[in-house]
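What follows is a short report on a single structure.
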Number of protein chains: 2
Amino acid sequence: MTELTKAEQKRLAREEELLDLAIDILAEQGLNSLTLEKLTARSPYSKGTIYNHFCSKEDCVSALCCRAMSSMLALFALAFRFEGELREQALALHFAHQLYSQINPTLFQVVLVGKAPGVRENTSDKRNAVLDELEERVNNASDSMFRQALEQGKISRPVTVETLTFASWAMSFGSLALAHSAADATAISRLESSSLLLNNISLLLDGMGWQPLSYEWDYNASWQRIAQHFQQLTGHQPTINQPSEN
Amino acid sequence: MTELTKAEQKRLAREEELLDLAIDILAEQGLNSLTLEKLTARSPYSKGTIYNHFCSKEDCVSALCCRAMSSMLALFALAFRFEGELREQALALHFAHQLYSQINPTLFQVVLVGKAPGVRENTSDKRNAVLDELEERVNNASDSMFRQALEQGKISRPVTVETLTFASWAMSFGSLALAHSAADATAISRLESSSLLLNNISLLLDGMGWQPLSYEWDYNASWQRIAQHFQQLTGHQPTINQPSEN
DNA sequence: ACCTGAACACCGTTCAAGT
DNA sequence: ACCTGAACACCGTTCAAGT
């Protein structure tokens with residue numbers, strides 16, 4: 001790690017302060033009404049200073065995207081601490097993804113929007129590099145799971161790590177995106193939400209031939225244990241089948 | 001079908017005219033720079049008239065979304081005319097999805113954006129109803145495939161039609177969305193694009209136990225035949241492994 | 001009943017002037 | 001070197017006046 005000068009530290013601290021304010025606006029008024037105008041008004045700084053941090057509105061959204069991905073990576077790290085079958089650890093990774101989308105739906109949406117066309121184009125090169133690095137770390141987390149599984153002979157189909165990572169990422173992304181953006185659409189409302197991702201990922205991992213297969217193991221029980229694991233580590237009440245008591 | 005008065009016909013025709021202009025802007029300047037201001041300027045009408053058709057900018061985007069989904073449904077109908085194994089027909093459905101995303105990337109993006117938060121909220125009730133109906137028809141197409149497969153005993157796992165439709169739709173959506181929005185991101189650039197969706201869907205259908213399984217049948221050959229099927233019916237050159245000759 | 005375009009509020013972005 | 005806020009262009013939306 002390189003040393004930071006006082007000035008750089010101050011600049012970094014102010015950027016965090018601005019992102020906190022932006023998240024407040026997001027939470028209060030929704031993603032679409034985030035505006036650099038409003039951010040300026042809430043902050044003690046002027047428009048020029050805001051533009052000193054974010055070269056455009058999209059650059060600010062990308063900065064929020066970095067925040068969100070960092071938080072997600074922190075949850076992913078907890079998934080690796082779940083003890084059990086390797087396939088259960090892979091489930092824990094996806095549980096972390098879903099958990100993040102539940103804890104922080106607004107920032108989760110930011111990640112989706114951050115992938116929309118026109119955002120990256122208007123983001124500074126420097127921040128795009130940070131985004132790339134974060135995405136690479138997400139891929140690495142997924143790759144390392146699949147690599148271990150292949151090395152241990154847990155996966156019976158002849159496939160590459162890259163194929164498996166893309167497939168599971170696409171499934172996870174697609175499931176959560178549809179679940180959040182179109183929760184009232186027919187395809188989703190007719191299903192129970194807590195185990196949507198578990199069901200979809202289970203079908204996929206079965207298709208890869210990742211042992212033990214879903215009919216050889218009670219992965220619903222695993223999902224519950226994973227929920228408890230995360231609850232102990234984060235204190236977040238998971239949205240799982242048993243209704244809470246209020 | 002209900003009769004339309006002359007006035008209603010004229011109104012409908014003008015709406016189509018406006019949507020054509022909107023698509024022109026989209027194609028030329030990208031999704032983000034579509035503006036009712038620009039649409040007004042390009043059209044022979046005034047702002048008031050534009051707002052007579054679209055109650056908000058988002059309502060206009062939703063109207064484009066309807067256009068896109070209708071076109072997709074037209075391609076889906078062609079998928080049903082592919083002759084072969086039932087699982088090949090299901091592949092044809094996903095091929096149609098991918099084909100549409102290739103033929104018309106901009107409108108495909110509109111469908112993604114149409115699912116973003118803040119769009120449906122600012123869309124007129126009437127148009128939201130149309131969107132719902134179109135989405136239901138997409139679901140019906142998928143449901144009917146899976147229902148036939150279950151009835152014919154092709155699917156060995158004990159699952160419901162709803163589960164299968166959501167899983168395959170999530171996979172298709174996730175794969176294409178990631179492929180289009182993050183084509184340069186690491187997870188995707190390291191894979192070949194033409195068979196991304198085939199690979200992912202094959203893993204999923206294997207996980208459902210849909211016979212014949214992918215190692216009992218040459219689905220790469222099926223994918224090629226499906227491509228030819230669509231090429232004959234639509235004249236669109238598919239993006240398939242063999243490079244074209246220019 | 002439908003159309004027009006002026007008017008208003010709000011937003012993104014820039015930059016000369018100030019410290 | 002960094003900050004400020006006025007200024008400009010552009011956009012979404014409304015509505016009184018016109019046909």
Side-chain angles (χ1 to χ4, degrees), chain A residues 4-15 17-19 21-22 24-26 28-64 113 116-127, chain B residues 4-15 17-19 21-22 24-26 28-64 113 116-127:
Chain A
L4 292 179
T5 68
K6 271 263 172 64
E8 286 168 334
Q9 278 179 24
K10 190 177 167 191
R11 187 189 149 78
L12 217 62
R14 191 169 54 189
E15 186 141 323
E17 181 192 354
L18 288 174
L19 290 179
L21 290 175
D24 288 346
I25 298 174
L26 237 58
E28 288 169 23
Q29 312 184 28
L31 184 52
N32 281 35
S33 52
L34 173 61
T35 284
L36 293 189
E37 187 93 18
K38 289 180 191 166
L39 181 57
T40 304
R42 257 181 214 232
S43 80
Y45 313 109
S46 71
K47 275 201 163 184
T49 300
I50 302 297
Y51 271 84
N52 204 335
H53 283 274
F54 310 118
C55 72
S56 71
K57 187 195 170 179
E58 286 74 26
D59 196 52
C60 179
V61 170
S62 290
L64 289 169
V113 171
V119 176
R120 295 220 26 161
E121 291 95 68
N122 289 317
T123 296
S124 71
D125 292 345
K126 198 175 158 196
R127 205 179 303 278
Chain B
L4 291 179
T5 68
K6 272 259 171 63
E8 287 167 333
Q9 279 179 23
K10 191 178 165 190
R11 188 190 147 78
L12 218 61
R14 189 169 55 189
E15 185 142 326
E17 181 191 353
L18 289 173
L19 290 179
L21 290 175
D24 288 345
I25 298 174
L26 236 59
E28 289 170 23
Q29 311 184 27
L31 184 52
N32 280 35
S33 52
L34 173 61
T35 285
L36 292 189
E37 187 93 18
K38 289 179 191 166
L39 181 57
T40 304
R42 254 178 216 233
S43 81
Y45 313 109
S46 71
K47 276 202 163 182
T49 299
I50 302 298
Y51 271 84
N52 204 337
H53 282 274
F54 310 118
C55 72
S56 70
K57 186 195 170 179
E58 286 75 26
D59 197 50
C60 179
V61 171
S62 290
L64 289 169
V113 171
V119 176
R120 294 217 30 159
E121 291 95 66
N122 289 318
T123 297
S124 72
D125 293 344
K126 199 177 159 196
R127 205 179 303 278

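In what follows, chains are A, B, ... by sequence order, proteins preceding strands, each numbered from 1. Since the structure is predicted, the reported quantities are computational estimates derived from the model, not experimental observations.
Remark: P of D:dT13 and CG of B:L39 are 13 Å apart, rounded to the nearest angstrom. Note: CD (A:Q29) to P (C:dC10) measures 12 Å, nearest angstrom. When rounded to the nearest whole Å, the span between CG of B:N32 and P of D:dC11 equals 13 Å. Whole-Å rounding puts the B:Y45 OH to C:dT4 C1' distance at 14 Å. The separation between A:K10 atom NZ and D:dA1 atom C1' is 12 Å, rounded to whole Å. Summarising the geometry, the separation between CG on B:L18 and C1' on C:dC3 is reported as 14 Å, rounded to the nearest angstrom. The distance from atom CZ of B:F54 to atom P of D:dC11 is 17 Å, rounded to the nearest whole Å. Atom NE2 of A:H53 is separated from atom C1' of C:dG12 by 18 Å (rounded to the nearest Å).
The closest donor-acceptor contact from the side chain of B:T40 to the backbone of B:S46 lies at 3.5 Å or more, if one exists at all.
Summarising the base pairing, D:dA17 is matched to no nucleotide, lacking a Watson-Crick or G-U wobble pair whose two defining distances lie under 3.5 Å. The partner of C:dC3 cannot be assigned: no Watson-Crick or G-U wobble pair with both contacts below 3.5 Å exists in any strand. Across every strand in view, C:dC11 sits unpaired, with no contact that passes the Watson-Crick or G-U test at under 3.5 angstrom.
Considering only side-chain N and O atoms, B:T35 lies nowhere under 4.0 angstrom from the phosphate OP1 or OP2 of D:dC10. Contact check, A:R14 against D:dC3: a side-chain N or O comes under 4.0 Å of OP1 or OP2. Within the structure, a side-chain polar atom (N or O) of A:T49 is placed less than 4.0 Å from OP1 or OP2 of D:dT4.
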Which atom pairs link the protein and nucleotides 14-19 of chain C when you take only N or O atoms and keep those under 3.5 Å?
none

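Taking 4.0 Å as the cut-off between side-chain N and carboxylate O, B:E28 and B:R42 count as a salt-bridged pair. Ion pairing between A:E8 and A:R14 fails under the 4.0 Å rule for side-chain N and carboxylate O. Salt-bridge annotation for B:K47 and B:E37: present, with a side-chain N of the basic residue lying under 4.0 Å from a carboxylate O of the acidic one. Salt bridge status for B:E17 with B:R11: absent, with no side-chain N to carboxylate O gap under 4.0 Å.
Across A:S62 and A:V119, no two heavy atoms sit closer than the pair OG-CG1, 3.7 Å.
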request  = Mind running side-chain contact (heavy atoms from CB on, under 4.5 Å) on B:Y51 and B:D59 for me, showing each step along the way?
outcome  = CA-CA 10 Å; B:Y51 271 84; B:D59 197 50; over 6 Å; no
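Closest to the A:L36 side chain, of the nucleotides C:dG12, C:dC11, D:dC2, is C:dG12. With D:dG12, C:dT4, C:dT13 as the choices, the nucleotide that has an atom nearest any side-chain atom of A:E58 turns out to be C:dT13. Set against C:dG12, C:dC3, D:dC11, the side chain of B:K38 has D:dC11 as its closest nucleotide.
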